[in-house]
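Written out below as structure tokens is the structure these notes cover.
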2 protein chains.
Amino acid sequence: MSNDDDLLDAAFLALSDPVRRQLISRLSRGPATVNELAEPFAISKQAVSKHIQVLEQAQLVTRSRDAQRRPVHLNPARLEALTAWIDQYRLVREAQFRSLDAVLRTNTAPCGSSQKDRQ
Amino acid sequence: MSNDDDLLDAAFLALSDPVRRQLISRLSRGPATVNELAEPFAISKQAVSKHIQVLEQAQLVTRSRDAQRRPVHLNPARLEALTAWIDQYRLVREAQFRSLDAVLRTNTAPCGSSQKDRQ
DNA sequence: TTGTTTATCAACCATCTGGTTGATAACAAC
DNA sequence: GTTGTTATCAACCAGATGGTTGATAAACAA
């Protein structure tokens, strides 16, 4: 987990599983232990523990220590890094769509669906 | 690829690979064919074609037809769905952090690092 | 027709993923 | 000490993923 690319790999991979996304959802309402997190699921707590390790490696969550408990906390900063990556490309493309739209609207009149591929 | 959850699965999985993220990056500058997309990479174009199929299944890209070419287009709408999902939880948690911060700032004076786990 | 370009399909293979069960470690309470 | 709770580790397994090579199809150009 050295460079930035590996962190993005790990984070997106972590979010590609519905169980892990539900864990994120639960943690957005506050920290929780593995047992608490595992309770709503039909799978073993070992499996949940593995899921949490995946999230932890991606730095989407952190752990603390409270006797034998190891509460899991959400890390919003890492979530923000993901939206930042996505928006970097989404916004560029949407801006191009808007300007293309403006060109089509002013030059050619009818609102036909004739979009050329190579710009 | 029926429900919303499957689409999120597919989309986050699609972005968990550095090659596919670079494809997204390239496509944010405009449509391109498989051969054009494969050129910068050391892997075969069959491999790139597979990557594009993964992106297409996630509806992050679309294809069109231009003679024997099949140009690939970015789909910003799907990218936006991802940021929407992330922000849904990121913003909740950050808001909680801010209010906790405010409570700590007004009630207890010294800026020590004593955060309790269970809220 | 023949050839070229573009792109996918079909096998195949090594590795990773997500789940299981059983054993183990660390701590709390008695 | 013993018992119970919390959590991880280790080994295993079925299926998915990411890459390869070779064959094939589709749309042109000559």
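- The closest donor-acceptor contact from the side chain of Glu36(A) to the backbone of Thr33(A) lies under 3.5 Å.
- OP1 or OP2 of dT17(D) has not a single side-chain nitrogen or oxygen of His51(B) nearer than 4.0 Å.
- Between the CG atom of Leu13(A) and the C1' atom of dT17(D) there is a distance of 11 Å, given to the nearest Å.
- Here the closest non-hydrogen pair linking Leu27(A) and Ala32(A) is CD2-N, 3.9 Å.
- Between Ser28(A) and Tyr89(B), the shortest heavy-atom contact is OG-CD2, 3.4 Å.
- Side-chain atoms of Asn75(A) come within 3.5 Å of backbone N or O of Gln59(A) as a donor-acceptor pair.
- Taking each heavy atom of Asp9(B) and Asp17(A) in turn, the nearest pair found is OD1-C, 4.2 Å.
- As rounded to whole Å, 14 Å separates atom C1' of dT17(C) from atom CG of Leu55(A).
- In the set dT17(C), dC9(D), dG18(C), the nucleotide with an atom closest to the side chain of Gln53(A) is dC9(D).
- Ser49(A) has no side-chain polar atom (N or O) that falls below the 4.0 Å cut-off from OP1 or OP2 of dA7(D).
- One interatomic measurement links the two molecules: CG of Leu23(A) to C1' of dG18(C), which rounds to 13 Å at whole-angstrom precision.
- As a whole-Å value, the separation of Leu15(B) CG from dG18(D) P is 12 Å.
- Residues Lys50(A) and Arg63(A) each lie close to DNA chain D; by heavy-atom proximity, the contact nearer the 5' end of the strand is made by Arg63(A).
- The closest side-chain heavy-atom distance from Trp85(A) to Leu8(A) is below 4.5 Å.
- Closest approach to the Asn35(B) side chain among dT20(C), dT6(C), dT8(D) is made by dT6(C) (side chain taken as heavy atoms from C-beta onward).
- Of the candidates dG18(C), dG19(D), dT6(D), the closest approach to any side-chain atom of Val19(B) belongs to dG19(D).
- Checked by atom type and distance alone, the side chain of Arg20(B) never pairs as donor or acceptor with a backbone atom of His51(B) at under 3.5 Å.
- Using a distance-only test at 3.5 Å, with no hydrogens or angles considered, a donor-acceptor pair links the side chain of Arg21(B) to the main chain of Leu15(B).
- For Glu56(A) and dA7(D), the CD to P distance is 13 Å, given to the nearest whole Å.
- Axis angle, first five pairs versus last five pairs of the helix from dT1(C)-dA30(D) to dC30(C)-dG1(D): 10°, rounded to 10°.
- For Arg65(B) (side chain) and Ala67(B) (main-chain N/O), a donor-acceptor pair under 3.5 Å exists by modelled atom type.
- In this entry the distance linking CG of Leu37(A) with P of dT6(D) reads 13 Å, nearest Å.
- Between the CG atom of Asp17(A) and the P atom of dG18(C) there is a distance of 5 Å, given to the nearest Å.
- Nearest heavy atoms, Leu82(B) versus Ala11(B): CD2-CB, 3.6 Å.
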Protein-nucleic acid N or O pairs under 3.5 Å, nucleotides 21-29 of chain D:
{"residue": "dG22(D)", "atom": "O6", "partner": "Gln46(B)", "partner atom": "NE2", "Å": "2.7"}

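- Distance from the side chain of Arg20(A) is smallest for dG18(C) among the nucleotides dG18(C), dT20(C), dA7(D).
- Put simply, CD on Gln22(A) is 15 Å from P on dG18(C), counting in whole angstrom units.
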